Amino acid sequence: MADESPPRVLEREIEVVSPTGFCFGVKRAIESLEKRVEECVETADGVKVYSLGMPIHNPQEVQRLTRKGLKVVDRIEDIPPGSYVFVRAHGAPPSLKENLVARCGAANVTDATCPFVKNAQDKAAFLSGEGYEVLVLGDPGHPEVQAIVGCAGCEVMVASSLDEVEALNARDKLGVICQTTQKVEFLAAATAILVPRTRELRVFNTICGATTQRQEAVRDITSRIDGLIVVGGRNSANTTKLVEIARGNQCDVLWIEHAGELSTEWLADKTRLGIAAGASTPDWLIEEVKHAIETSQEPRGMEGL
Ligand code: F3S
């Protein structure tokens, strides 16, 4: 006979990792973007502000901003001359910023480059100016890395793995900087490889504090939970690192972008849960996920597991 009893809400301990979610740089960028959107008058096609590329790597938050009048485009040619335009927290190469100013006017360009990213850009320019060959440790396809490379004003090497660092030849003067979201272990191991093969090595640790704190908090929680839910965009570099760290600690991880991706099967046998989020994940998404877990019911046939 079919079980007609109502499904039970499973009691769980849920710990939201602290700190988690929006970092200083993303919060600052979103605030300036929203302010700009509020100030601007809508064009005939309903657009107030253009962003070249995703303003942050979180599709749900970008959707929310799009409803307020943001339009994301992939090419500068898609921005009508004289429009309001937004430079995201990841920054942009100087040549691109110059083109935006020429097309839209300096007063119409809001530059929300995160100060920590700006620091990495300045260090790249400094090293190049001092005659160092420049190596960036990071993902060559990531806009932040592309902006740092553009700021160096010289040919720049980019390595995203220790194998790529190993493959580099001996150098006379080498300067190293890091994408702000990299793991400190990567920087340390890369430096250890480079020391014996470089006559003069200068390393700037440009990993940002927000990244390190979020990574340490994830490392810390993994020993006391049955599973970790990581909320963040699939294209978010810092979210990817949180997932890697938790899995490296043998923690069962569910990576989702929003509450609709929660899996009752994955939740079924877990009574102590952690929730972590990337630096571009808004609080409202984290809250939605927490609420969905708190009200989730045991799937039929799993009661008592
Ligand atoms: Fe800036 Fe660090 Fe956030 S570089 S954008 S504060 S992750």
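All residue numbers in this chain count up from 1 along the given sequence. Keep in mind the model is a prediction, meaning the values are calculated, not measured. In each ligand, atom 1 is the first atom listed, and ligand 1 is the first ligand listed.
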Is there a side-chain contact between F86 and D111 (heavy atoms, below 4.5 Å)? no

I'd like to know if K290 and E15 make a salt bridge, using a cut-off of under 4.0 Å between side-chain N and carboxylate O. no

Closest heavy-atom pair and its distance - V87, A92: CG1-CB, 4.0 Å

Contacts satisfying ring-ring contact (aromatic ring centres under 6.0 Å, His included) that involve residues 118-175 (not counting sequence neighbours) are H57-H142, H90-H142

Give me the number of protein N, O or S atoms whose distance to atom 3 (Fe) of ligand 1 is under 2.8 Å. 1

Taking the hydrophobic residues Ile, Leu, Val, Met, Phe, Trp and Tyr, and joining any pair whose side-chain heavy atoms are under 4.5 Å apart, which ones share a cluster with L285? W284

Please identify each residue that fulfils side-chain hydrogen bond (donor to acceptor under 3.5 Å, both in side chains) with R28, with sequence neighbours left out. none

